[in-house]
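This report refers to the structure that appears directly beneath it.
In this chain, numbering begins with 1 at the start of the sequence shown.
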Amino acid sequence: MAQSIRPAEVCKALLAALGGAEGQRRKRKRDQTPDAIGLAVKRALLERAVEEDPEPEAFEEWLLNYPLTCDAPQLAGSASAMARAVFEEWRLAHSLGEFRVWLDRGAPSEDVGDGNEHRSHSNVRETK
């Protein structure tokens, strides 16, 4: 990987991006429990990666081993799936300039907010 950035830097930016994901989750008109669990698993993984800041060349192995170190063994499957997703985002940060610029800007999103905003989405049908 040319000009590798630290895993902690990428994960810190990905933590900021979770605000947008949480904003989207609050707007959905269905049970949010699975989404909330997934976001909590991802947040825990990203926070640990920021705290431990593994070496860039060891990050893939660190992610593979992360599910074995989860505080909640029943979430090991979810943690494994999130570790794969974070690895893909890590790779994107190195290969896709626009993604890295977005992360460097703090991962801005219109969906970050207190959940009281109402936006119309053309692909979502309102229910009455």
Side-chain angles (χ1 to χ4, degrees):
M1 253 180 232
Q3 273 194 323
S4 188
I5 53 180
R6 301 285 311 168
E9 293 175 53
V10 172
C11 291
K12 190 179 287 188
L14 291 173
L15 276 167
L18 283 183
E22 289 168 345
Q24 279 290 342
R25 182 184 67 80
R26 284 190 294 266
K27 294 177 198 173
R28 295 187 188 120
K29 299 198 182 282
R30 61 173 173 77
D31 181 12
Q32 302 300 302
T33 304
D35 298 324
I37 292 169
L39 289 173
V41 169
K42 187 171 187 179
R43 180 176 301 284
L45 185 156
L46 294 171
E47 287 173 347
R48 171 112 36 104
V50 168
E51 180 182 310
E52 294 184 12
D53 190 18
E55 293 297 323
E57 54 280 344
F59 192 46
E60 182 176 11
E61 182 178 355
W62 185 93
L63 287 167
L64 287 171
N65 290 321
Y66 175 77
L68 303 173
T69 66
C70 281
D71 294 335
Q74 68 273 21
L75 294 177
S78 299
S80 180
M82 284 301 166
R84 285 190 299 277
V86 168
F87 182 67
E88 290 303 317
E89 291 167 331
W90 161 256
R91 289 177 54 186
L92 269 177
H94 288 84
S95 64
L96 186 62
E98 294 87 4
F99 185 66
R100 185 167 179 175
V101 167
W102 178 73
L103 288 175
D104 288 344
R105 289 182 28 227
S109 172
E110 292 179 5
D111 294 312
V112 175
D114 63 4
N116 294 327
E117 309 88 10
H118 178 73
R119 291 183 186 85
S120 176
H121 295 282
S122 61
N123 62 342
V124 176
R125 185 178 64 208
E126 293 290 328
T127 58
K128 297 183 185 195

Residues which pass salt bridge (Lys or Arg N to Asp or Glu O under 4.0 Å) with Glu47, listed by chain and number, not counting sequence neighbours: none
Pairwise side-chain contact, Glu89 with Lys42, heavy-atom cut-off 4.5 Å (strictly under): yes
Non-hydrogen side-chain atoms of Pro7 and Asp53 separated by less than 4.5 Å: yes
N-O pairing of Glu88 and Arg91 below 4.0 Å: yes
From Leu46 atom CG to Leu14 atom CG, the distance as rounded to the nearest 0.5 Å: 5.5 Å
Contact summary for Ala8 and Val50, nearest pair of heavy atoms: O-CG2, 3.7 Å
Listing, residues 57-66 side-chain donor-acceptor contacts under 3.5 Å, not counting sequence neighbours, or none:
residue: Trp62; atom: NE1; partner: Glu52; partner atom: OE1; Å: 2.7
residue: Asn65; atom: ND2; partner: Glu61; partner atom: O; Å: 3.2
residue: Tyr66; atom: OH; partner: Leu45; partner atom: N; Å: 3.4

Donor-acceptor pairs under 3.5 angstrom involving side-chain atoms of residues 78-87: please list them, not counting sequence neighbours.
residue: Ser80; atom: OG; partner: Arg84; partner atom: NH1; Å: 2.9

